[in-house]
Number of protein chains: 2
Amino acid sequence: MNTDQIGGFLHEKGVKPSFQRIKVYEYLMNNKEHPTVENIYRDLIKEIPTLSKTTVYNSLNTFIEKGVVQAISIDGNEMRYDLYERRHGHFKCEVCGRIYDFLPPKEAYEELEALEGFLITDRQIYLKGVCKNCR
Amino acid sequence: MNTDQIGGFLHEKGVKPSFQRIKVYEYLMNNKEHPTVENIYRDLIKEIPTLSKTTVYNSLNTFIEKGVVQAISIDGNEMRYDLYERRHGHFKCEVCGRIYDFLPPKEAYEELEALEGFLITDRQIYLKGVCKNCR
DNA sequence: TTCTTGAGTTGTAATCATTACAAGATTGGC
DNA sequence: GCCAATCTTGTAATGATTACAACTCAAGAA
């Protein structure tokens, strides 16, 4: 997706595609390592010297509201962000700190659909442990 | 469980059962609504006027290390705490803010056991939405 | 019993992510 | 081109959590 396509996509999703928002979204597209606000800010400010960290927060919160981005609160520290994709879980390695995506088996998610009388809008599956590289 | 029994249990788990720790653990036994540190502190200080909030943090972190308590980071705000029980998920109502326990179907968890080459030490399933009462 | 030592507790100060707020900039519709 | 609504920006405030150092306590040795 190029800039225009991202703009179109955001527009479709009900997000006014400002320059900053497009850049933040693009950043998430190109950086799948679950960046923090700090990560996003430090990198984007090279391109957009006037960027404010508040704008990064605002953009991300707008995205989350409109369902195009998901927030990952796998530990109690900073939030991490990821493009929204249905049905994918996160694994955090307690040694290197890296967060991996994984695709939980279909059954795991389907079983979570049914919760008597509750309306479910978001599902997160978090695993912690030690990753392949760190063992 | 009475005080002595809690003490014995903690000792078994490798936690030296101080007076404060026993009280914090007992609090979690009696308050299953996923209290915050603030909740615990505000209530326990009535019984233990010298209690420090740092002690609550210290106790909880010790418990977590020894695997007798789990931390719930379902949103980006404060941590919430719960006695450790294998295989139970948490649902947060976005309207009333309450956090419910639920028992995910056995399959959901069993499927999560297998993650090629990774050592898994903790699993959390978080759902969000609107609860029965708030719909 | 008294001493000693290590662990636990306490209070304050620091840290750090996030939000609040108000002023300035920008954009889209008329 | 103009206006109102919306975005962006920077700073200040908030609030959860940790760092740290002094103090207390419990248990074992002499």
Side-chain angles (χ1 to χ4, degrees), chain A residues 3-4 6-8 10-11 13-27 34-42 44-66 68-81 97 99, chain B residues 3-4 6-8 10-11 13-27 34-42 44-66 68-81 97 99:
Chain A
T3 295
D4 282 357
I6 295 174
L10 292 179
H11 184 75
K13 294 292 187 174
V15 179
K16 198 186 276 189
S18 73
F19 178 68
Q20 289 85 339
R21 285 171 178 173
I22 289 174
K23 284 300 181 189
V24 171
Y25 191 87
E26 187 182 41
Y27 186 88
H34 316 95
T36 62
V37 166
E38 186 66 21
N39 295 149
I40 301 170
Y41 176 73
R42 289 195 104 77
L44 283 187
I45 202 167
K46 294 171 198 160
E47 273 185 81
I48 317 168
T50 63
L51 184 67
S52 160
K53 201 180 279 189
T54 301
T55 298
V56 179
Y57 277 105
N58 289 342
S59 302
L60 290 168
N61 288 334
T62 304
F63 291 157
I64 290 167
E65 235 170 69
K66 301 300 183 179
V68 300
V69 161
Q70 64 182 313
I72 304 171
S73 62
I74 198 167
D75 53 25
N77 307 330
E78 344 93 305
M79 286 285 194
R80 294 169 171 278
Y81 298 88
I99 293 180
Chain B
T3 294
D4 281 356
I6 295 173
L10 292 179
H11 185 74
K13 293 292 187 174
V15 179
K16 197 186 277 188
S18 72
F19 178 68
Q20 288 86 339
R21 285 171 178 172
I22 288 173
K23 284 298 180 190
V24 171
Y25 191 87
E26 187 183 42
Y27 186 88
H34 317 94
T36 62
V37 165
E38 186 67 21
N39 294 149
I40 300 170
Y41 176 72
R42 289 197 105 77
L44 283 186
I45 203 168
K46 294 172 198 158
E47 273 185 80
I48 316 168
T50 65
L51 184 66
S52 161
K53 200 180 278 190
T54 301
T55 298
V56 179
Y57 277 105
N58 289 342
S59 301
L60 290 168
N61 287 334
T62 304
F63 291 157
I64 290 167
E65 235 170 70
K66 301 300 182 180
V68 301
V69 161
Q70 65 182 314
I72 303 171
S73 63
I74 197 168
D75 53 26
N77 305 331
E78 344 92 307
M79 285 285 194
R80 294 169 171 279
Y81 298 88
I99 293 179

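Below, chains carry the letters A, B, ... as their sequence lines are ordered, and counting in each starts from 1. Fair warning: this is a prediction, and the values are worked out from it, not measured in the lab.
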Next on the checklist: For A/T3 and A/F19: C-alpha separation, side-chain torsions, deciding distance, then whether side-chain contact (heavy atoms from CB on, under 4.5 Å) applies.
Outcome noted: CA-CA 9 Å; A/T3 295; A/F19 178 68; over 6 Å; no
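- Contact annotation for A/T50: backbone-only contact, meaning every heavy-atom pair under 4.0 Å involves sugar-phosphate atoms and none involves a base.
- Judged purely by atom type and a 3.5 angstrom limit, A/S73 has no side-chain atom pairing as donor or acceptor with the backbone of B/G76.
- Side-chain contact annotation: A/N39 with A/T36, donor-acceptor N/O pair under 3.5 Å present.
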Checklist entry - Under the side-chain contact (heavy atoms from CB on, under 4.5 Å) criterion, do A/V37 and A/K53 qualify, and how do the steps go? => result CA-CA 8 Å; A/V37 166; A/K53 201 180 279 189; 3.8 Å; yes
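- The phosphate of C/dT10 has OP1 or OP2 within less than 4.0 Å of a side-chain N or O from B/Q20.
- In this structure, A/E38 atom CD and C/dC16 atom C1' are separated by 10 Å, rounded to whole Å.
- Going from atom CG of A/L51 over to atom C1' of C/dA25 covers 15 Å, rounded to whole Å.
- Distances were taken from every side-chain heavy atom of A/K16 (C-beta onward) to each of D/dT6, D/dT8, C/dA17; the shortest belongs to D/dT6.
- Residue whose closest nucleotide on DNA chain C sits further toward the 5' end, between B/R21 and B/K53: B/R21.
- If you measure from atom OH of B/Y41 to atom P of D/dT17, you get 15 Å, rounded to the nearest angstrom.
- With rounding to whole Å, B/R80 atom CZ is found 13 Å from D/dA16 atom C1'.
- For B/R80 (side chain) and B/H34 (main-chain N/O), a donor-acceptor pair under 3.5 Å exists by modelled atom type.
- With hydrogens and angles ignored, the 3.5 Å screen pairs no side-chain donor or acceptor of A/T55 with any backbone N or O of A/L51.
- Proximity of B/S18 to the phosphate of C/dT9: a side-chain N or O atom is located under 4.0 Å from OP1 or OP2.
- D/dT6 atom C1' lies 16 Å from atom CG of A/L10, rounded to whole Å.
- In this structure, the CG atom of A/N77 is 12 Å from the C1' atom of C/dT15, given to the nearest Å.
- Of all the residues in residues 54-65 of chain A, A/T54, A/Y57, A/N61 reach under 4.0 Å from DNA chain C with at least one non-hydrogen atom.
- Straight-line distance from the CZ atom of B/F19 to the P atom of D/dT24: 18 Å, rounded to whole Å.
- The distance between atom CD1 of A/I48 and atom P of D/dC7, rounded to the nearest whole Å, is 16 Å.
- Formation of a donor-acceptor pair under 3.5 Å by the B/R21 side chain with backbone atoms of B/K16 is found in this model.
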